[in-house]
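This report concerns only the one structure given below.
Small disclaimer: the values here were computed from a predicted structure and weren't measured.
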Amino acid sequence: MDKIIPSAPAKYPLTNIPESRAITVLKYILSEYVKPDIREMDKIPNTDGYLVIRNEDHEQLEK
């Protein structure tokens, strides 16, 4: 049988708070005409989410 070694949970990265604040500010700035889906605390490069651009009637613009 494998031996269980007690350990503490992993720490959050030091960039956690600045990343979260930056995403919050970006969402606020874009909120009127952009619907963001931004990933937070992910480790996959070049896949941080996507943005949907809307017109004055809040309809999605075609690609």
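Scanning all heavy atoms of the two residues, the minimum distance from Glu19 to Arg39 falls at OE2-O, 4.0 Å. When all heavy atoms of Ile23 and Glu40 are compared, the closest pair comes out as CD1-CG, 3.3 Å.
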Give the intermediate values and the outcome of side-chain contact (heavy atoms from CB on, under 4.5 Å) for residues Ile53 and Gln60.
CA-CA 6 Å; Ile53 311 297; Gln60 179 177 337; over 6 Å; no
Step-by-step side-chain contact (heavy atoms from CB on, under 4.5 Å) determination, Leu26 to Ile38
CA-CA 10 Å; Leu26 180 63; Ile38 302 173; 3.7 Å; yes
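Interatomic distance, Arg54 CZ to Glu32 CD, rounded to the nearest 0.5 Å: 9.0 Å. The distance from atom CG of Asn16 to atom NZ of Lys11, rounded to the nearest 0.5 Å, is 13.5 Å.
Both Leu51 and Leu61 are members of a single hydrophobic cluster when ILVMFWY side chains are connected at heavy-atom separations under 4.5 Å.
Without hydrogens or angle criteria, Asp57 side chain to Glu59 main chain gives no donor-acceptor distance under 3.5 Å.
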